[in-house]
Structure formats: structure tokens, C-alpha cells
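Comments concern the structure below.
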Amino acid sequence: MLAHFSVAFAAFVLAIILGEWQMFVRSPLHAWVNNPEHYYRSVTMHGTAMAYVLPTLIAMGFGYAITELALKRPLIGVRWAWGGFWLVIAGTLMASTPVALGKASVLYTFYPPMIGSPFFYLGVVLVVVGSWIWVALMSINLRAWRTENPGQTVPLAMFGNVAGAYLWAWTSIGAAIEILFLILPVALGFKDTIDAGLSRVFFSWTLHAIVYFWLMPTYIAFYTIVPRAVGGRLYSDTMGRVAFVLFLVFSMPIGIHHLFADPQVGAGFKFVHAVFTAMVSVPTLLTVFTIVASLEIAARLRGGKGLVGWVKALPWDRPMMLAVTFSFIMLGLGGAGGIINMSYQLNETVHNTQWVTGHFHLIFGGAIVIMYLMIAYELWPQLTNCAPLPRRLINTQLWLWFIGMLVLSLPWHWVGLLGMPRRMAYFDYTHPDLHAQAWTVTVSTFGGLLLVISALLFVFILVRARKSTARPDPFAFSVSLDAGVKTPVALNGFGIWVGMMIALTVVNYGFPIAQLAVLKDTNVPAIPVGGR
Amino acid sequence: MNSVSPAHDSAAHSHGVALAAERRWSVIVAVIITLLVLMMIFTGLHWGAMPPSRVETINSRTLHLSGEFVENNLGTSIGADGKVVARLIAQQYSFEPQCIVVPAEMPVTFRGTSTDAVHGFVVGTTNANVMLIPGFVATFTTTFKKTGEQLMPCHEYCGTGHEAMWARVQVIPPGEFMARANGGQRLNCVSR
């Protein structure tokens, strides 16, 4: 658990420094980067660390912690858990070595027909296989608890945790098929052509739902930690369950919205995926309602009055209060942007521009990661037996993260609308059209700098935590308002939801995949990257 | 839906209030989502605003030898049906042609593909935005409102020269375009 978090945040700090370097060298503050390949190498490393290593380790570590804290029994399969951890570490090292050497500058989204070193892909596979061990352990532990507690309601934290595990197991299949059956045969030299269109369809299966895997720990924290940390009650336990199962059902059959501008999928399936993407905003809208209502309960318990006056009574000096506020603001802005991205037509305005970079930094780096940081702060006393962490320093760190993320990502949204493309190692600012946009890149660079300072402050707070002789208070999850109410059977298990998840994916992906699989002419020559 | 222990009357009451508030919010959510989807359907059908393309394949290894995308067929022309078509290919790290001429205020159909990696382009501040995937032909139709020159960068990472892959689009008055294109030429604005 502690090991998972330590490695996750080590990767996070390394990746955030690379990210800031990227921002700096492409800004007008710096001359053109001598070798653009260094830039893409850095982007590959930044993306791989932030998108695969950090959230996977957080989900795993948090999942093990939830198993012990919520089910109140020791984890079954500790040895297997360590096995999974070391697989993730081995995979991370195996993938990052060729990236660091410039042998796999294909970005974390792979982009066949470009083909990098096979070790990069094998490393990613090891990370995923390590996480599958976690998925199995979560399922086994839940089953053991059910056997001991027949007919009991599964604690909400564990329910969300296992939902996240099943979601990840199924969503990782898309990229796994792409790597194992399409990319690796070429990377290993058995084939020299690849179907780029089909690869993109498989990747889209993973690409969108993976963000809900990233999101799960954050939502578990919203429902099961935030209400307690601000001194309130969870408004509705049932609604939490509804949100988690809706993510299971609607995360996967929507990924083709990443391919709206692609020629290898027909307009009909693009529309179907757009409609389902609209559906996946439902669990988030429900969550925002439930958590804001939970905050209102906390405020009224503290003497808050009035239709909106209660907001003043919230415990604004508590880090969790700040974090959840910042997270919701970023989720709101990012979510509104997301609805623009997914809408069939508006997407054309922003597709593949800096807008998209701004969108996912705001949602993932902002709304989601700020709660990862809070999870670490919450669990640190349990893990290291340390004294309470310094509140004011944490608040400073959170403010820096929030302001930094807005300063970084809002200019990106703006220039994206002006058509600035993403993933450029440098821009020719002497061109009049680009000259007018140059200031935004400078502003974003300073936003990135704030994020680096905030990340370092975060690590400083954790590392400097003083040892305490007293045992920390036992960890408590939120108490819900409907605690006495019996949970509907369907919301205490996963059977039908997992069934719907698989069925909808097969329906929404089956035809596009089958159609591409039988098409002739679509295999194109591979392009080796990094001088294999 | 839920059974409540009768011992807690006030708890049951507050639970009822909570449920009613939740229901109201659920209805609002449903209305928002329905409106969004209806808007997509309406603009899709009424304006014919659809994302680009249907599934059309092409052999990326032989497209330079014969067929639609041979070099002297690239550029902008008026087809037999009177429609304006701009044909282009993308390759590491340039477009062919590097400068595309199109008329303003007339529908222009773009047809493009890639000879190697995945590319894409966006034309300046317009909504002309598409991916070029090797093995497939990307098609979309758009109308440029204003004359003038716009930048057209490759917007998908296609290798280490990606950042240098920029083309231009010149939008000229429709009359001028028709005069220049009438002989069936393939127009471009690459300076010779």
C-alpha cells in the first residue's frame, strides 16, 4: 500500500517535471528545441507515467486499503498483491527504458503504423497484467466477505472499488488486443504491415473508459471520505451505488467519440457512441447533486442558515473542503468542455487541437488528481503512523494546484478554438497568425511551474511528516443519511451490470470491428521508430 | 421502493424528503441529456452537419502509381458534376499540395489520405478538421465563408518531424476560382 503510493508519486513528480520542460521549450521563452525527438520522447514518458503508472498504482493501493478498512478484515492474497506490485514496477522499468533511449517515441497512445521497441509494449502489458492480479484479489476478497456476512450490504467504498476493478478489467481488453494481436507481431518482426484503422478502434475501447478507471478512486473519496471529513453525512448511499454501476455500463460503448474525425468508422456508429457518451454524464450529474447535498448537511449541522447562506458555514479551513470545491469547479469546466467534445458536430471545431489537451488536463490532472492527493493525505497517518499533517501547508499546496491547473489549461482551451494543434515540439512564432497566440503558451508555462511547485510541496509534506508514538485514530468512512434503509438487491451486486457492460460493448463495437477485420487493403507498412 | 423501519418516523420522513429531492434532480438530468441528444439529431439532419466520411479504403502502397491520388490529380478541380473537389495526400512530413486553393462561399469536398503514418489537419479557425489514416480515404464537405490565407497544420503526431508539417489554404473569390479552374486544371498555390 505504502509502496504503491510511494512509487506512484515518484513517477508523478518525474512526469510533471518533464511536462513543465515540454511547456518551457515550446514557449517563446526558449529557442526551438535542437532535437524535436527529445520533446516527443518526453511526451511519451510524461503520458505513460501519468496515464498508466500513477492511476493504476493509486487504484491498486487505495483498493487494498479499502479492502482492509471497509471490510474490517485482513487482505486475502497479500503475496499475490506483492506479485502484482512487482509486475507493475518491472513493466514500468521495461517500458520506460526504451522510451528514455529514444527507441519508442510513439506517445502513450501508440499510433501504429509507427512501431517502437517491443520492450515498450511488453512493459505496458506487464503493468496491465499486474493490475489484473489486483482485479482478481478485489473480487476474491469481496466474495470471502460475503460468505462471512451473508445478506449484508457491501460497504459503499468496497462496492465502488470492485466496480472500478471490473471496469478496468474489461476496458483494458481493447488496448490489450491491440498490443498483443496487432502491434507486438510487428514489433517483434513477424509481420511488417498493420491495420492502423482497426488499431485505433481497439484503442478507443480502452482510451475513453480508462478515464473512468482513473476517476473511480476520486468518486469513492467523494462519497465515502468527503462527507465525514467536512463533518456531515452522505446524502444517499444508494445514489453512490447507482453512479458506480452506471459507470460500469456506460463507460465502454462510447469510445468511438474519439474517432469522430476518422475515416474508418461510419457516421451511424459515431452517432450511437455520441448518444451513449451523453448518458455517461448522468452518474457525474448525480454525484455532484449528492455530494453538494452532503456538504449542505455538514453546513446545517454547523449552524448554517438560508437558501444559499449555509455555504458560509462550511469548514473552509479544512483541506478536504478546499479540495472538493476545487475538484468540482474543475470537473464542471472540464465536463462542459467534454460535452462539447462528444457532441457529434461541435467536435469538428476542437478535434486534436490544444483544446483537447486542456480538457483532459483539467479533468484528470485537476479534478481527479487533486483527490488522489487528498487520499494520500487521508491515509498517510494510517500507513506511516505519523502525527497529523500540517493543515495550512496542505491548503497552500491545494491552492497552488488549483490555480496552476487553471492557468495551464484555460489558455489551451482558448488557442484550441483558434486552431492551434497539439503535440508540437515548437511553433514558428514569427508567423503572424502564430505570433498572436504566443502569449498563451507563455502563460501555460507559468501555470505548469505552479503545478511543479505544488507537487514538490506535496511530497515535502508527506516526507516531513513526523513520527508519532500515539496510534492514529481508526479510519472511518462517511455515515450515510439512509444508513438504516435496505439497499436494493441489484445495487448490492454486479451481475446484471457487468452483463450489460459486456453486452453493450459487443453491440457498439462488434460491427465496426468486424467490418474492419474483413476489409482488404487496410494493412499498411509499419514505420519503425528509433532506428530498430 | 425501499422498506423503512417503522420505529423511526422522523427518519422515514427525512428519507422521503431526500428521495423526492433526488427524483426532481434525476428528472432535470434526464431533460438535459434528452435536449442535448435532440440537438445533435436536429443539427445532424437539418444542417446535414455530420462528422466526416464513410468507410472507404485504398491501398496505401500503390496509390502513387495509379488512380485518384496520383500526383497530377492532386489539387483542387471542378468535377464532371460541377462540384469542387480538393484532393490531397499527407506523408511524413508534408502535404501534397502544400498550398491548397479553394473558392469562398461554395461547398468544397476534401478527399485525402496518407501514404505512411496517421496524419490529420485543421484549417485555421474553420471547422475543416479531419484525420488521415493510411488505408482509408477521408472525405468531408465544407464551405469557407471568408477569403484569405489560413494555416493548415498536421494535428496528429506522425513522427519527429510532425511540428514542421504545415500547409496553407488560400480561399479566393468564387468568380476568380471558376475562371482559373474552368479548363479542368488541378489548382494549387505552391510557388514554383
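Computed over heavy atoms, backbone and side chain alike; hydrogens, waters and symmetry mates excluded.
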Check your understanding: Between B:V118 and A:A196, what is the shortest heavy-atom contact and its length?
Key -> CG2-CB, 4.5 Å

Practice item. Compare all side-chain heavy atoms of A:V524 with those of B:R61 and state whether any distance is below 4.5 angstrom. Key: no

**Study point:** Nearest heavy-atom neighbours spanning A:G419 and B:P153
**Key:** O-CG, 4.4 Å

Review point. So which pairs with a foot in residues 69-84 of chain B pass side chain to side chain donor-acceptor pair (under 3.5 Å), sequence neighbours left out?
Key: B:N73-B:R186

Review point. Ion pair present between A:R423 and B:E156, side-chain N to carboxylate O less than 4.0 angstrom?
Key: yes

Point to revise | A:P525 side chain near B:S60 side chain, heavy-atom distance below 4.5 Å | key: yes

Exercise for review: Please confirm whether the backbone N or O of A:T290 pairs with a side-chain atom of B:W25, one donor and one acceptor, at under 3.5 Å?
Suggested key: no

Revision key, fill the gap. Most contact-rich option vs chain A, by heavy-atom pairs under 4.5 angstrom, among B:I28, B:T57, B:L36, B:V37, is B:T57

Exercise for review: Compare all side-chain heavy atoms of B:T139 with those of A:P263 and state whether any distance is below 4.5 angstrom.
Suggested key: no

Check your understanding: What is the ring orientation for B:Y157 with A:Y40, classed by angle as parallel under 30°, tilted 30 to 60°, or perpendicular over 60°?
Key -> tilted

Review point. Got A:I527 and B:Q92 here, is their nearest side-chain heavy-atom distance under 4.5 Å?
Key: yes

Review point. Does some side-chain heavy atom of B:E22 sit less than 4.5 Å from a side-chain heavy atom of A:L286?
Key: no

Revision key, fill the gap. Heaviest contributor of heavy-atom pairs below 4.5 Å to chain B, chosen from A:E37, A:H351, A:M420, is A:H351

Check your understanding: Got A:H431 and B:L151 here, is their nearest side-chain heavy-atom distance under 4.5 Å?
Key -> yes

Check your understanding: Would you say B:N129's side chain and A:E348's backbone share a donor-acceptor pair under 3.5 angstrom?
Key -> yes

Counting only pairs under 3.5 Å, give me each side-chain donor-acceptor contact of residues 511-522 of chain A, with atom names and distances, residues two or more places apart or in other chains.
residue	atom	partner	partner atom	Å
A:T522	OG1	A:D195	OD2	2.9

